[in-house]
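Below is one structure, written out as structure tokens, with a few remarks after it.
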Protein chains: 2
Amino acid sequence: MTPPTTDAAPDLRTESPGRARILEIAAGLFLDHGYEAASVRRIADAVGIQAASLYHHFDAKEDLLTAILRQGMAVMDAAFDEAHEAASGHDARTRLALHVRAHLAALYENGPFTAVHVTTFRTAPEEVRAAIVPVRDAYEARWTDLLRSLVDAGHLAADTAVGPARLLLLGGMNATVGWFDPSVGSLDDLAETATRQFWSGLGRDPEGT
Amino acid sequence: MTPPTTDAAPDLRTESPGRARILEIAAGLFLDHGYEAASVRRIADAVGIQAASLYHHFDAKEDLLTAILRQGMAVMDAAFDEAHEAASGHDARTRLALHVRAHLAALYENGPFTAVHVTTFRTAPEEVRAAIVPVRDAYEARWTDLLRSLVDAGHLAADTAVGPARLLLLGGMNATVGWFDPSVGSLDDLAETATRQFWSGLGRDPEGT
DNA sequence: TGGCCTGCCTAACGCTCGTTAGGTAGGGTC
DNA sequence: GACCCTACCTAACGAGCGTTAGGCAGGCCA
């Protein structure tokens, strides 16, 4: 087996349990209180170590956030991959439904990493944002491609503005982190509701059908 | 005319220009950097006064945020009122479209007050949130009532879960503050896109119609 | 003319922030 | 048994935080 030459790209499987634990706890605090309000001392307290000991694992607080956001995006990408694989052979609506469900699942089934991305990215320090923007753009481009291909195949309205459509859909899904509680509601129901709202709309003409 | 007995409830028209200016500038900084990262000294610098002078207008930094969020909600309520008035006599889809357009307009046409609400509320200090939650709930209840009435009249699908539907719609609209720039795109177009996506959906069956 | 209110100032308070320096206990390797 | 690496510690740094005390200039009103 090849030696574990820890490359520039951090291998998630190689992370020590200590480092992973710190990331998870820090992500939770960033999610609840925001990046600035979650001080390194509060994070260290929650982990059960001294603040200074955090610097054995990370060079700076910003790196903590960068690592968390990166991991969140990795989860979303993996979810997209899985959905893409599972979607093959199904009809267009089902394919979209699988991706919607995958995005929502990633938001709730992988610790706070993905959710903190939604809430913290906007006001993150400039250097952190600069590091994450390309990753985020790549993920959004995958959605754009998905919708574009559905338009081209005639499954979505031909005059759909793919950009706004994608942003409204993802925006609505991401905003669910502010109110949806997976321990109360069903993720499948939420995914179906979101899919239906996007695909068929809710309007009905009482005079018509 | 009655004397201006400044009551517990702050009358927006009575505010001195200094106070209004501080609120506007602080709201902009809260929007760009978040509540914690926008220090009172940075706010004071932007206003052009000393940090200590802010305390002539506000008792604490938290009160600054509370006032901003309250004003943001007042703008949204006023927009809802206006839309409700303008909607009378029109068909169901147009009535909803007017409310969608009003909500989006409030997000972009009244300085940073409404937008900062969307981005800052989640991680605001507990006391601030406690003060604002009732106002926010009241606004959301107005939307719930609107959608409920449309369902009851048969204009929206009878089996619509009004709660999630409202949250997905408002979530999508609120999330536009992360990408929409009213100086580039048209607000009317955005409103129509959002309305269509919610009302008719984008899915089309290529085998069918 | 004298007093008061408004709106700002300078100076400083105690506290918390992110970060660094330097030390130590324990386990693995030659 | 000497060495070193990992994972933590205590102690402290300077900077910035929100906030307060006290003063001062100018306009308003009696």
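Throughout, protein chains are lettered first and strands after them, A, B, ... in sequence-line order, and every chain is numbered starting at 1. The basis for the numbers below is simple: all heavy atoms, side chains too, and nothing from hydrogens, waters or symmetry mates.
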Scan residues 162-174 of chain A for pairs that pass salt bridge (charged side-chain N to carboxylate O under 4.0 Å, His left out), counting only residues two or more places apart or in two chains. A:E140-A:R166
Between P on D:dC9 and CG on A:D45, what's the gap in Å once rounded to a whole number? 11 Å
Are OP1 or OP2 of C:dC8 and a side-chain N or O of B:H57 less than 4.0 angstrom apart? yes
N/O donor-acceptor pairs under 3.5 Å from side chains in residues 103-120 of chain B, not counting sequence neighbours:
unit_1: B:H103; atom_1: ND1; unit_2: B:Y139; atom_2: OH; d: 2.7
unit_1: B:H103; atom_1: NE2; unit_2: B:N174; atom_2: OD1; d: 2.8
unit_1: B:Y108; atom_1: OH; unit_2: B:T176; atom_2: O; d: 3.0
unit_1: B:Y108; atom_1: OH; unit_2: B:T176; atom_2: OG1; d: 2.6
unit_1: B:Y108; atom_1: OH; unit_2: B:V177; atom_2: N; d: 3.2
unit_1: B:E109; atom_1: OE2; unit_2: B:R101; atom_2: NH2; d: 3.4
unit_1: B:T114; atom_1: OG1; unit_2: B:A106; atom_2: O; d: 2.6
unit_1: B:H117; atom_1: ND1; unit_2: B:R136; atom_2: NH1; d: 3.3
unit_1: B:T119; atom_1: OG1; unit_2: B:V116; atom_2: O; d: 3.3
unit_1: B:T120; atom_1: OG1; unit_2: B:V116; atom_2: O; d: 3.1

Any pair counted as salt bridge (charged side-chain N to carboxylate O under 4.0 Å, His left out), so long as it reaches residues 168-177 of chain A, sequence neighbours left out: none
Taking side-chain hydrogen bond (donor to acceptor under 3.5 Å, both in side chains) as the test, write out the residues that go with B:S200, two or more places apart. none
Identify every side-chain donor-acceptor pair in residues 36-49 of chain A under 3.5 Å, counting partners at least two apart or on other chains, and give the distances.
unit_1: A:S39; atom_1: OG; unit_2: A:R42; atom_2: N; d: 3.2
unit_1: A:R42; atom_1: NH1; unit_2: A:A37; atom_2: O; d: 3.3
unit_1: A:R42; atom_1: NH2; unit_2: A:H33; atom_2: NE2; d: 3.3

Between C:dC8 (C1') and B:F58 (CZ): distance, integer Å: 15 Å
With A:T195 as partner, the option from A:T94, A:V100, A:L190, A:L98 fulfilling side-chain contact (heavy atoms from CB on, under 4.5 Å) is A:V100
Short side-chain N/O contact from A:H56 to OP1 or OP2 of D:dA7, under 4.0 Å: yes
Classify every nucleotide of nucleotides 10-20 of chain C by which part a protein heavy atom approaches to under 4.0 Å, writing B for the base, S for the sugar-phosphate alone and - for neither, in 5'-to-3' order. BBB----BBBB
